[in-house]
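Residue numbering restarts at 1 for every chain, and letters A, B, ... go by the order of the sequence lines.
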Amino acid sequence: MTAEGGSVTLAGFDYEISARIEIPADISEEGTILVSGKLLAEITRSLPQAQVTLETEGSKVLVACGRSRFNLATMPVAEYPDLPALPEVAGVVDGESFAQAITQVIVAASKDDTLPVLTGVKMEIEDDLITFLATDRYRLAMREVSWRPHTPGLSTSALVKAKTLSEVAKTLAGAGELNIALGENSDLIGFQTGSRRTTSLLVDGDYPKIRSLFPDNTPIHATVATQSLVEVVRRVAVVAERNTPVRLAFTDGQLSLDAGTGEDAKAEETIEAHLDGEEITVAFNPAYLSEGLNAFNSEFVRFSFTSAPKPAMLTAQDSLEGSDSDAYRYLVMPVRLPNN
Amino acid sequence: MNETARPRAILHVDMDAFFVSVELLERPELIGEQVIVGHPAGRSVVLSASYECRALGVRSAMPMSTAMRLAPQATVIEPHQEQYRLASRRIMSIFRDVTPAVQQLSVDEAFLDVTGSLRRLGSPPRIGQSIRDQIRSELSLPASVGIAKNMFVAKIASTRAKPDGMLVIRPDETVPFLHTLPVSALWGVGQRTGEVLARAGIHSVRDIAQTPPATLGKMLGSTGAKLYELAWGRDERAVEPVREEKSIGAEETFAEDVRDPDVLHTEFLRLAHRVAERLRRAGKLAGTVAIKVRYEDFRTVSRSRRLPQASSSAVALAESATGLFDALWRDGDAIRLVGLRAEQFSGGAGVQFSFERSDANWESAEAAMDRIRDRFADSGVKPATLLNRPAGGARAPEEKSDG
């Protein structure tokens, strides 16, 4: 925590991620102190909406706000590592589109730390288009976002932890433009907006070539109202035990969902659907299905199938019989039922 | 606790030197000789010893090296777990023809509650004898039977009936019988408890019965009260027919501490194959994989993690296990034992396909290995990585050794 000129700078670093923010402040004495970030964050959260003063007293710092007073031990500043420098800014993206893209792709990223590569989101940059890709081997999400690269024709890629991106989306992407910093031969990625910036180590390893998993040819298409389907899946899945599938039967004009076995509990429900192609029945892990559906904010969602044991692709659609937009695509593998 | 109105009839059937007896079917020339089943090398332990060896002090679970010192003339036979499992399955099915109330304790041992079979099959001794006869005629194996009004006395009776015998303790004989025994005959009295009791001058079950429970409680905590009940022949636990297996595991004690993580990875893969095969045979999918690692100083660490998808594939189990292991591993570690356990079963509610075709392929490839092994026992079908076992590995018993 540095008081200098007309601002206080807060900086933190855990050797993987660094973050830094500058806040305007009245400085009566310049200097730098080191305090426990976790404790300071908790104290700050509990403070009322009012001016905060920070004052050092020997090896302690006094945090005062309204009538609250906190004493916090300081640690030797000299032992703190330097924050890595922000790599060169590679281009600018609209913060809101960035945040939306991240929310949509991270649902498919793996939470299993034994496969570190899959806990990352792959950012592929081709000129003025960034493609975000994530997969946990059972589903795959892909979202394209346009941006303005500083070097036209830029072609590069980066693998960033899904968790880091999600934090960036929450803390940095709120206001206006977001600079993305990506040095050549650097193992860092940086994000910067206004007086905030953060850097993160890239994830090491080769990301699988997953674009080719999207089917070329999908003879069967079905369109359903997104929100109704989300609710039906939630209701039907009530009887599906952990990891047991929900079954979707698409016929002309309707979609029937059921879950559970006759012995214990069974649930079924039917909603309107538009089917183009042969009738098809597929089963999905209810969590994979609903997490995918929740990533859509379009009124309708389109399912594209090749055949039942092949992955289903979900895309956004504005009307029941319109055409789809493939800026966001969610691909999900079905569950093989015991008797088919 | 009150005695139940009508006495129950409980049988404890225990095969005699089970693994040895099964081996002797193939090696009749060794009948009456000193025979030990176990791996001859390294830190392996005795899985089973013939009564001729036991006379020399050889016991199950004793380090092989100690056993060889006590019985240097003994013939050591490598175990054939598949044969034991086969025999075990047939024995258990004989029990289940007598009563559905069979509680299997291990491959070669079970409690039977025959109270409900008395009208159909005759008196408890008659049922016990017919079970012994049937095992003898169908499998040519000796079994000992203990009969009593509860599980704990039946178990003591079968131990006293060995080898190849039967002992019936009628309800009214229970207390006099128990009071002739030393404290070590009671469940829960090991060496340490025995020493504590001996210091107080308590040597026999009768001594326990005559010590106020409060005094026993002060000496032994909650065990004290339990021993008092047992000393008066009170044990109301019910025979619980085959509890569903909650986990399936296997472990390996190395002949020498292992310092090479690659060897340990291979070992986890081997254990995973053993566990996965049993999962598939039980028609179960594991939701969680747990590992156990014991270091040279006997410090033991366990870790577990949820599988991304419930699975019965050795490759999936091994992948998760090695991930857990790698997080524990520090250079310079010396590992004495590793174990792998599959937990949190789910039934076959469908298999989640993965983008990696190989994932589904592994399950079907492994199921194919099962079918090959079914037709050609000991065919040795296994993944190439496991063809050359690293030198120095000695198998520790995964099943409880027999009595």
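Identified under the salt bridge (Lys or Arg N to Asp or Glu O under 4.0 Å) test for residues 115-125 of chain A, with sequence neighbours left out: A:E124-A:R211.
Heavy atoms closer than 4.5 Å to chain B are found nowhere in A:F284, neither backbone nor side chain. Only the side chain of A:P311 comes within less than 4.5 Å of a heavy atom in chain B; its backbone stays farther off. Interface remark: A:S110 contributes no atoms to any contact with chain B (heavy atom separation under 4.5 Å).
Counting heavy atoms from C-beta on, the side chains of A:L140 and B:F355 come closer than 4.5 Å.
Not counting sequence neighbours, A:E231 has no partner by the side-chain hydrogen bond (donor to acceptor under 3.5 Å, both in side chains) test.
Heavy atoms of other residues, nucleotides or ligands lying less than 6.0 angstrom from CD of A:E278 number 12 at most. Environment of CG in A:D14: crowded, with over 12 heavy atoms of neighbouring residues, nucleotides or ligands closer than 6.0 Å.
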